[in-house]
*Asks:* 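Before we start, here is the structure in question, set down as C-alpha cells.
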Number of protein chains: 2
Amino acid sequence: MTTMKDIAEKAGVSRSTVSRVINGHDSVKEEKRKKIMKIVEELNFKPNKVAQSLVSNKSYLIGVIAPNISNPFYSEIIEALEIEANKKGYNIIVCNSGGNIEREKNYLEILYGRQVDGIIVIPSEYKLPHFQELIDNDIPVLTLTKNINNFDSVLVSHQNGGAEVARHFIEMGHKNIGYIGPVPDKEGKLLGFKNELKKHCLEIESSNYIESDFAGRSASQVVYKATTKYLKEHDLKATAFFVVNDLAAFGAIHAFSDFGLKIPEDLSIVGFDNTFFAAESRPTLSSVAQPIEEMGKVSIEILLDKINNKEEKYFTKLLEPYLIVRDSSRINKKS
Amino acid sequence: MTTMKDIAEKAGVSRSTVSRVINGHDSVKEEKRKKIMKIVEELNFKPNKVAQSLVSNKSYLIGVIAPNISNPFYSEIIEALEIEANKKGYNIIVCNSGGNIEREKNYLEILYGRQVDGIIVIPSEYKLPHFQELIDNDIPVLTLTKNINNFDSVLVSHQNGGAEVARHFIEMGHKNIGYIGPVPDKEGKLLGFKNELKKHCLEIESSNYIESDFAGRSASQVVYKATTKYLKEHDLKATAFFVVNDLAAFGAIHAFSDFGLKIPEDLSIVGFDNTFFAAESRPTLSSVAQPIEEMGKVSIEILLDKINNKEEKYFTKLLEPYLIVRDSSRINKKS
DNA sequence: CTGAAAGCGCTAACAG
DNA sequence: CTGTTAGCGCTTTCAG
C-alpha cells in the first residue's frame with residue numbers, strides 16, 4: 001500500500017506538504033504541488049480514510065438499519081438514502097435486523113464502535129431499547145417511518161393517506177365502503193380513512209370490515225383466506241375496499257376474482273405503498289404512494305444537520321403520501 | 001467518547017492490559033480482569049474500530065456495488081450477502097452504481113480508500129475498466145452474476161436454466177415452442193434452451209421468436225408492445241413460450257390475455273428469476289429461480305478465503321438454477 | 001511557504 | 001502476569 005510517506009520521500013518533501021496538497025490546503029509552491037500530484041497519479045495514491053477518520057474523528061459513514069433489505073419498500077428507501085448520502089460524500093453501512101429487536105440493538109453497538117457519524121433506523125417496533133445509551137453517547141440517531149420517544153424522526157402521514165383514499169371513493173360515488181386489514185392499524189390509515197368518511201357523513205358499517213393480519217411475505221395468502229371466508233359468510237354490500245397494503249390488496253383481489261367478482265366493475269380496490277407491482281398487476285392497482293425519494297433526502301439532510309451543526313432540537317418531519325389512481329378503482333358509481 | 005486510556009486510568013492499569021482483556025488475550029490476573037470489565041460495562045466502552053483497523057490493517061468491511069439496490073433481484077442478493085457477512089463479523093458498505101460504469105469505477109476508488117477488506121461487484125456490463133489497478137493493489141474483488149476477465153466470480157448457469165425449461169416444455173408435451181426476449185441473449189439462457197430442445201429433436205421455428213429488449217423497469221411494457229405487434233402480424237403456432245425474465249413474462253402474459261388467449265389453457269409461459277411477484281400474479285408464474293442465498297453464501301466464503309488465506313488462484317464458481325413450476329405452465333399437452 | 005513534532009485510539013513486541 | 005515503547009497513516013499546530 002502506498003502511503004503519504006512514500007509520496008513525500010519520492011518528492012523530497014515532508015509528509016505535511018503532501019497532506020496539504022492532497023487536501024487543497026494553504027498555498028504550496030506551484031512547482032512542488034505539481035511534482036507531488038504527478039507522483040500521486042503515478043502511484044495511484046488514495047489517502048487512507050481510516051487514518052483520516054482516526055485523527056478527524058469523522059468517518060463519513062452512516063449506518064442504516066432496516067428490518068429486511070429485500071422488502072421492496074425498504075430497498076427503495078435504502079436506495080434513496082444511499083443516493084442522497086453519496087451526494088454529500090458519505091457512504092452507508094447497511095444492516096438487516098430481520099425485524100428482531102435484539103439484532104437492532106446489536107447492530108447499533110457495532111455501528112457505534114465503527115464510529116459512524118450517524119444512524120438511520122427503520123424500526124421494527126415502536127420501541128428502541130437501549131438506544132438511549134447511544135444518544136447519550138453523542139451519536140445522532142434518526143428513526144424513519146416510525147416515531148419513537150425522543151428520537152428525531154421522518155414520518156409519512158398514514159392518516160392523510162387514508163383520508164385521500166376516502167375522498168377518492170366518495171368522488172367516485174361509493175356509499176357503501178369497506179376496509180381490509182388489521183383493526184385498529186398502528187399507523188393510523190384506518191383512522192384517517194374513517195375520519196374523512198365521517199366528514200362526508202359516511203361510515204364503515206361493521207359488516208364491511210374484513211379483519212386480517214397483513215405483515216410479511218405471506219400477507220397476500222393470509223388476506224386471501226380471510227377474504228374468501230368473509231365472502232362465504234356475508235352478503236357483500238360494499239362497493240369499494242381500502243386495503244392496508246398492496247400485498248394484502250393482491251390477496252383480496254384474487255379472492256374476489258375467484259369468487260366471480262370483477263375489479264373494478266363490481267368492486268373498487270385501493271392499496272397502500274405503491275409497490276413496484278401495483279403497476280404490473282392486472283388490473284393495475286390504485287395505491288397510496290409514500291414519497292420515498294423525499295424520505296431519503298429529508299432523512300439525510302436532517303441527520304447531517306445534526307452531525308455538522310450539533311443541532312439540539314428534535315425534529316419530527318411529517319411527509320405527505322399521495323394517491324395514484326389505477327384501474328382497480330377506476331369505475332365511477334355515479335355514472 | 002470513552003477510550004482505553006480512561007478505562008486504564010480508572011482501573012489503575014496500563015492500556016495494554018485493558019487491550020488484553022478486551023481482546024481476550026493472554027492471561028490477565030482474574031482480579032484485574034474483573035475490575036476492568038466492570039468499568040468497561042459501567043462506561044459502556046466499545047473499542048474504537050477505526051483505531052483497530054489502522055493498526056491491524058483490517059477493516060472487517062466489505063464493499064458491495066450493485067446496479068440498483070431497489071431492483072428486487074439485487075436487493076435479495078444484497079440481503080443474502082449482508083446476512084452471511086454479518087455471521088463472519090463483517091459489515092457491508094452498499095453502493096448503488098445506477099448501472100453506470102463511471103460510477104462503478106468511482107465507487108471502487110472510494111472503497112479502496114476506505115480500506116475495505118474486499119469488494120463484491122454486480123457489474124452492469126461485461127467489463128470493469130480500471131479494475132485491474134485495484135487488483136494490483138492487493139484488494140480482492142469478486143464479480144457476482146457476470147464473469148469478467150481474470151476476476152474471481154460467482155455465476156449462475158443460465159444455460160442450464162434454459163435447458164431445464166426446455167425439458168419441462170417437452171415433458172408437458174409441447175412441440176411448437178417459442179422464445180420471447182433478446183436474440184441472442186448475453187447470459188446464454190436461449191442457447192441452453194435451444195440446445196436441450198435439439199437433443200430432443202425439436203427447434204424453435206423462426207416465426208416463434210418474439211424479439212424484444214427486456215432491461216429495466218419498463219421491460220414489461222416494452223414486451224407487451226412487442227407481443228401485441230407479433231400477434232397482429234403472425235398466426236400464433238407455439239403452445240409454449242420461454243421468456244427472458246419475469247417482468248418481461250408479465251408483459252407478455254398481459255398481451256396474450258388482452259388478445260383473448262388464456263394462460264395456461266392456450267399457452268404456457270415460463271419466466272426467469274423467480275422474482276417475488278411470480279407467486280403473487282394471476283396466473284402464478286412458472287420461473288427459473290436463481291439460488292440467491294447460495295450466491296450470497298458462496299460469494300462471501302470465496303472472498304474471505306481470498307482475504308484471509310491470500311489465495312492466489314482464480315475461482316469461477318458456477319451455481320445451478322432450478323425451475324419452479326406454477327400455474328402458467330401447468331397444462332399437459334399430451335393429455 | 002514548509003518541516004518537525006505531537007497525537008488520534010489501539011495493538012504488539014519486548015522487557016521485566 | 002503487566003508496563004513501556006513504538007508505530008499504524010494522517011493532520012495539525014508551531015516554528016522558522
Side-chain angles (χ1 to χ4, degrees), chain A residues 1-37 39-40 43-61 109-117 137-139, chain B residues 1-37 39-40 43-61 89 110-117 137-139:
Chain A
M1 187 210 286
T2 98
T3 74
M4 274 195 172
K5 197 168 160 234
D6 303 327
I7 310 284
E9 279 170 5
K10 219 164 183 162
V13 298
S14 75
R15 269 133 76 240
S16 345
T17 305
V18 177
S19 173
R20 280 188 268 257
V21 342
I22 291 288
N23 296 297
H25 273 333
D26 290 325
S27 30
V28 172
K29 212 192 288 172
E30 193 53 22
E31 182 194 358
K32 286 195 177 175
R33 246 192 63 78
K34 278 190 178 156
K35 186 168 182 188
I36 290 171
M37 281 313 285
I39 300 177
V40 165
L43 275 56
N44 191 239
F45 169 76
K46 299 269 175 292
N48 182 327
K49 201 102 191 158
V50 171
Q52 287 181 327
S53 293
L54 185 59
V55 29
S56 69
N57 207 23
K58 286 218 53 177
S59 62
Y60 291 93
L61 236 27
E109 290 181 348
I110 291 175
L111 292 172
Y112 171 50
R114 281 202 180 278
Q115 311 295 115
V116 298
D117 294 339
N137 259 311
D138 71 25
I139 155 160
Chain B
M1 187 210 286
T2 99
T3 75
M4 274 194 173
K5 199 170 160 231
D6 303 328
I7 310 285
E9 280 170 4
K10 218 161 185 166
V13 300
S14 74
R15 270 133 75 240
S16 347
T17 304
V18 178
S19 172
R20 280 189 269 258
V21 341
I22 291 289
N23 297 296
H25 273 331
D26 290 325
S27 31
V28 173
K29 212 192 288 173
E30 194 52 21
E31 179 194 0
K32 286 196 177 175
R33 246 192 64 78
K34 279 192 177 152
K35 186 168 184 189
I36 291 171
M37 282 313 285
I39 301 178
V40 165
L43 275 56
N44 191 238
F45 169 76
K46 297 270 174 290
N48 181 328
K49 201 102 190 153
V50 171
Q52 287 181 325
S53 293
L54 187 59
V55 31
S56 68
N57 207 23
K58 287 218 51 173
S59 61
Y60 290 93
L61 235 28
I110 290 174
L111 292 173
Y112 172 49
R114 281 202 181 277
Q115 312 296 115
V116 297
D117 294 339
N137 259 312
D138 71 27
I139 155 161

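In this text, all values refer to a predicted model and were calculated from it rather than measured experimentally. Just so we're on the same page: letters track the sequence lines, and every chain starts at 1.
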*Asks:* Would you kindly give the CG-to-P distance between A:L54 and D:dC8, to the nearest whole Å?
*Replies:* 13 Å
*Asks:* Counting just side-chain N and O atoms, does A:T3 come under 4.0 Å of either OP1 or OP2 of D:dG9?
*Replies:* no
*Asks:* Would you give the length of the straight line joining atom CZ of B:R114 to atom CG of A:N48, rounded to the nearest 0.5 angstrom?
*Replies:* 11.0 Å
*Asks:* Any side-chain to backbone donor/acceptor pair from A:S59 onto A:Q115? Under 3.5 Å, distance only.
*Replies:* yes
*Asks:* Among C:dG3, D:dT2, D:dC10, which is the nearest nucleotide to the side chain of A:T17?
*Replies:* C:dG3
*Asks:* Is any side-chain nitrogen or oxygen of B:S14 closer than 4.0 Å to OP1 or OP2 of D:dT4?
*Replies:* no
*Asks:* Within the structure, does a side-chain N or O atom of A:Q52 lie under 4.0 Å from either OP1 or OP2 of D:dG9?
*Replies:* no
*Asks:* Does a nitrogen or oxygen in the side chain of B:S19 sit under 4.0 Å from OP1 or OP2 of C:dT11?
*Replies:* yes
*Asks:* If you assign B:K32 and B:A51 each to the DNA chain D nucleotide with the nearest heavy atom, which residue ends up on the more 5' nucleotide?
*Replies:* B:K32
*Asks:* Classify the side chain of A:S16 versus the base of C:dA4 as yes if they form a donor-acceptor pair under 3.5 Å and no if they do not.
*Replies:* yes
*Asks:* Nearest whole Å is fine: how far is C:dT11 C1' from B:K58 NZ?
*Replies:* 15 Å
*Asks:* Measure from the side chain of A:R20, starting at C-beta and using heavy atoms only, and say which of D:dT11, C:dC10, D:dT13 lies closest.
*Replies:* D:dT13
*Asks:* Find the distance A:N48:CG to C:dC8:P and express it as a whole number of Å.
*Replies:* 18 Å
*Asks:* Mind calculating the distance between CD1 (B:I22) and P (C:dG9) to the nearest angstrom?
*Replies:* 15 Å
*Asks:* So does A:H25 get a side-chain nitrogen or oxygen closer than 4.0 Å to the phosphate oxygens (OP1/OP2) of C:dC1?
*Replies:* no
*Asks:* Between B:N23 (CG) and C:dC10 (P), how many Å, whole number?
*Replies:* 10 Å
*Asks:* Rounded off to whole Å, could you give me the CG-to-P distance for the A:D6 and D:dG9 pair?
*Replies:* 9 Å
*Asks:* Verify, without hydrogens or angle tests, whether A:S56 (side chain) and A:Q52 (backbone) share a donor-acceptor contact under 3.5 angstrom.
*Replies:* yes
*Asks:* Give a yes or no answer on whether the side chain of A:N23 reaches the backbone of A:H25 with a donor-acceptor pair at less than 3.5 Å.
*Replies:* no
*Asks:* Pick the closest DNA chain D nucleotide for B:E30 and for B:S56 by heavy atoms, then say which residue is nearer the 5' end.
*Replies:* B:E30
*Asks:* If you define the side chain from C-beta out and look only at heavy atoms, does anything of A:K10 sit under 4.5 Å from A:L43?
*Replies:* yes
*Asks:* Check the distance between C:dG9's C1' and B:K46's NZ and give it to me in whole angstrom.
*Replies:* 16 Å
*Asks:* Can you measure A:R114 atom CZ to C:dC10 atom C1' for me and round it to whole angstrom units?
*Replies:* 15 Å
*Asks:* Using a 4.0 Å heavy-atom cut-off across all strands, classify A:V13 as base, sugar-phosphate, or nothing.
*Replies:* sugar-phosphate
